[in-house]
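Just so we're clear, the structure is a prediction, and the values are computed from it rather than from any experiment. Basis for what follows: all heavy atoms, side chains included, without hydrogens, waters or symmetry-related copies. Each chain gets a letter, A, B and so on, in the order the sequences are listed, and its residues count up from 1.
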2 protein chains.
Amino acid sequence: MNCDHRLTSEEAFGRLQSALKAQGARLTSPRKMILEAALKSKKPFSAEIIFQNLKEQVDLATIYRNLTFFYEIGLVHRVDIGAETAVYEIGSKDEQHHHHYFVCKTCGKTEALESCSMVAVEAGLKKKGYRNLSHRLEFTGLCSAC
Amino acid sequence: MNCDHRLTSEEAFGRLQSALKAQGARLTSPRKMILEAALKSKKPFSAEIIFQNLKEQVDLATIYRNLTFFYEIGLVHRVDIGAETAVYEIGSKDEQHHHHYFVCKTCGKTEALESCSMVAVEAGLKKKGYRNLSHRLEFTGLCSAC
DNA sequence: TTAGCTGCAAAGTATTTGCAGTGGT
DNA sequence: ACCACTGCAAATACTTTGCAGCTAA
């Protein structure tokens, strides 16, 4: 199974335009810069990382506000891999797509996994020298009350 | 597959004793109370929740320190399901055991899943009325550099 | 007795919010 | 021109840390 499912820049901006129009929001310069920085990032990113990548030209509060906005319109996912900081990543074309990560318990190093087979993933990780493996499966969606 | 893998109170205190002895730490009254509260909780818990369950009889800082301690000796896992707050749960007998959750994107409701089959889990959730399902698989362990 | 542990208070981070001014549309 | 958005600063939430006294072993 091919897992290169990230939104392209065009797709992302297209979605953004629709969402903006749908709720009377605006495409401002900071908003554009933040999305571009997010798209450029190969790894999951935090507000602080975007802030640094934009060389502090955009206010941190604005970045927090926009990452939340992007999250609400489904442009990014929240990942939050056992960290103390909120971590996001660019959304996938297929919302049902799986998200696989490896996280080191000691240094926090995060790596997005390319394969989608749990067995193959584990074997691949072992080959790479990762030890003491365990994994966690998390479902998200809407519960019947929502 | 049976997934009732939570540590019993006896097993948990046994592990605690070993860890305490191994590093010259002590079994204090607050430490005991915190572990008991954690064991009683059917759901993942935060420091604040333990604080409330103990009716604020134990200092919050002490709770934070001990949850970290329990985490370091493997007595509890960190779950952190897309939340802004650190969330823990009592450890499993088998460290390689999977951890399955359902999290509602809207209200944050969390439910521990009993089944271990991904397909069965998804079918079960749909039957319960959950919609827009997606899931995430997270591996943890030690990377080669650690 | 002697460290480890606790409570309390103060300090740190991460994130959010109020508000006046700016800028898309 | 209107109203959403931004930067700035202050506020809040969560968590950690310093320290003096307490207590398990």
Side-chain angles (χ1 to χ4, degrees), chain A residues 13 16-38 44-73 75-88 108 110, chain B residues 13 16-38 44-73 75-88 108 110:
Chain A
F13 274 99
L16 178 56
Q17 293 284 9
S18 312
L20 292 173
K21 188 174 296 181
Q23 57 190 88
R26 294 168 187 174
L27 180 57
T28 63
S29 168
R31 183 162 284 165
K32 201 187 295 186
M33 292 167 73
I34 294 167
L35 181 52
E36 279 164 356
F45 48 84
S46 62
E48 184 66 32
I49 286 173
I50 298 290
F51 185 55
Q52 298 307 330
N53 288 352
L54 293 179
K55 292 170 185 163
E56 313 195 358
Q57 289 172 258
V58 175
D59 194 80
L60 243 190
T62 300
I63 295 173
Y64 276 108
R65 279 187 280 233
N66 275 287
L67 287 182
T68 301
F69 176 72
F70 293 162
Y71 175 65
E72 285 168 349
I73 67 176
L75 211 47
V76 299
H77 298 299
R78 278 195 64 155
V79 178
D80 289 344
I81 309 174
E84 41 317 296
T85 307
V87 174
Y88 297 83
T110 298
Chain B
F13 275 99
L16 178 57
Q17 294 284 11
S18 313
L20 291 173
K21 189 174 295 179
Q23 56 189 87
R26 295 166 186 175
L27 180 57
T28 63
S29 167
R31 183 161 283 166
K32 201 186 298 185
M33 292 166 74
I34 295 167
L35 180 52
E36 279 165 354
F45 48 83
S46 63
E48 183 66 32
I49 287 173
I50 299 290
F51 185 56
Q52 298 307 332
N53 288 352
L54 293 179
K55 291 169 186 165
E56 313 194 358
Q57 287 171 264
V58 175
D59 195 81
L60 243 191
T62 299
I63 295 173
Y64 276 107
R65 278 187 281 235
N66 274 288
L67 287 181
T68 301
F69 177 73
F70 293 162
Y71 175 65
E72 284 167 349
I73 66 177
L75 211 48
V76 299
H77 299 299
R78 278 195 65 156
V79 178
D80 289 345
I81 309 176
E84 38 323 289
T85 307
V87 174
Y88 298 83
T110 298

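With sequence neighbours excluded, the residues satisfying side chain to side chain contact (heavy atoms under 4.5 Å, CB included) with B:A61 are B:D59, B:R65. B:S18 meets the side chain to side chain contact (heavy atoms under 4.5 Å, CB included) test with no other residue; sequence neighbours excluded.
With rounding to whole Å, B:F70 atom CZ is found 11 Å from C:dC5 atom P. Between the CZ atom of B:F51 and the C1' atom of D:dC14 there is a distance of 13 Å, rounded to whole Å. Between the CD atom of A:E72 and the C1' atom of D:dC5 there is a distance of 15 Å, given to the nearest Å. For the pair B:L16 CG and C:dC5 C1', the computed distance is 14 Å after rounding to whole Å. The interatomic distance linking B:I50 (CD1) with C:dT6 (P) rounds to 14 Å, in whole Å. Separating the CZ atom of B:F45 from the P atom of D:dT15 is a distance of 13 Å, rounded to the nearest angstrom. In this structure, A:F69 atom CZ and D:dT6 atom C1' are separated by 14 Å, rounded to whole Å.
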Hey, can you pull the donor-acceptor pairs under 3.5 Å for the side chains in residues 19-36 of chain B, sequence neighbours left out?
{"unit_1": "B:T28", "atom_1": "OG1", "unit_2": "B:R31", "atom_2": "N", "d": "3.3"}
{"unit_1": "B:R31", "atom_1": "NE", "unit_2": "B:N66", "atom_2": "OD1", "d": "2.7"}
{"unit_1": "B:R31", "atom_1": "NH1", "unit_2": "B:R26", "atom_2": "O", "d": "2.8"}
{"unit_1": "B:R31", "atom_1": "NH2", "unit_2": "B:N66", "atom_2": "OD1", "d": "3.4"}

Please table the atom pairs, donor to acceptor, closer than 3.5 Å between any side-chain atom in residues 44-57 of chain B and protein atoms at least two apart or in another chain.
{"unit_1": "B:S46", "atom_1": "OG", "unit_2": "B:I49", "atom_2": "N", "d": "3.2"}
{"unit_1": "B:E48", "atom_1": "OE2", "unit_2": "B:Q52", "atom_2": "NE2", "d": "2.7"}

Heavy-atom protein contacts under 4.0 Å, nucleotides 13-22 of chain C, coded B base, S sugar-phosphate only, - none: -SBBBB----
Polar atoms only, N or O, under 3.5 Å: list the protein pairs with nucleotides 21-25 of chain D and their distances.
{"unit_1": "D:dA24", "atom_1": "N3", "unit_2": "B:R26", "atom_2": "NH1", "d": "3.3"}

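When atom types are taken as modelled, the side chain of A:T68 and the backbone of A:Y64 share a donor-acceptor pair closer than 3.5 angstrom.
When the C1' atoms of four end pairs are superposed on the next four at each end of the helix from C:dT1-D:dA25 to C:dT25-D:dA1, using five pairs per end, the two resulting axes differ in direction by 40°, to 10°.
Among the protein residues, A:E56 comes within range of no part of the nucleic acid, since none of its heavy atoms lies under 4.0 Å from any strand.
For the pair A:F70 and A:L16, the minimum side-chain heavy-atom distance is below 4.5 Å.
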Side chain to side chain contact (heavy atoms under 4.5 Å, CB included) between A:Y88 and A:Y71, worked out: CA-CA 8 Å; A:Y88 297 83; A:Y71 175 65; 4.1 Å; yes
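Side-chain N/O atoms of A:N66 include none lying less than 4.0 angstrom from OP1 or OP2 on D:dC5.
Between B:Q23 and B:I63, the residue whose closest nucleotide on DNA chain C is further toward the 5' end is B:Q23.
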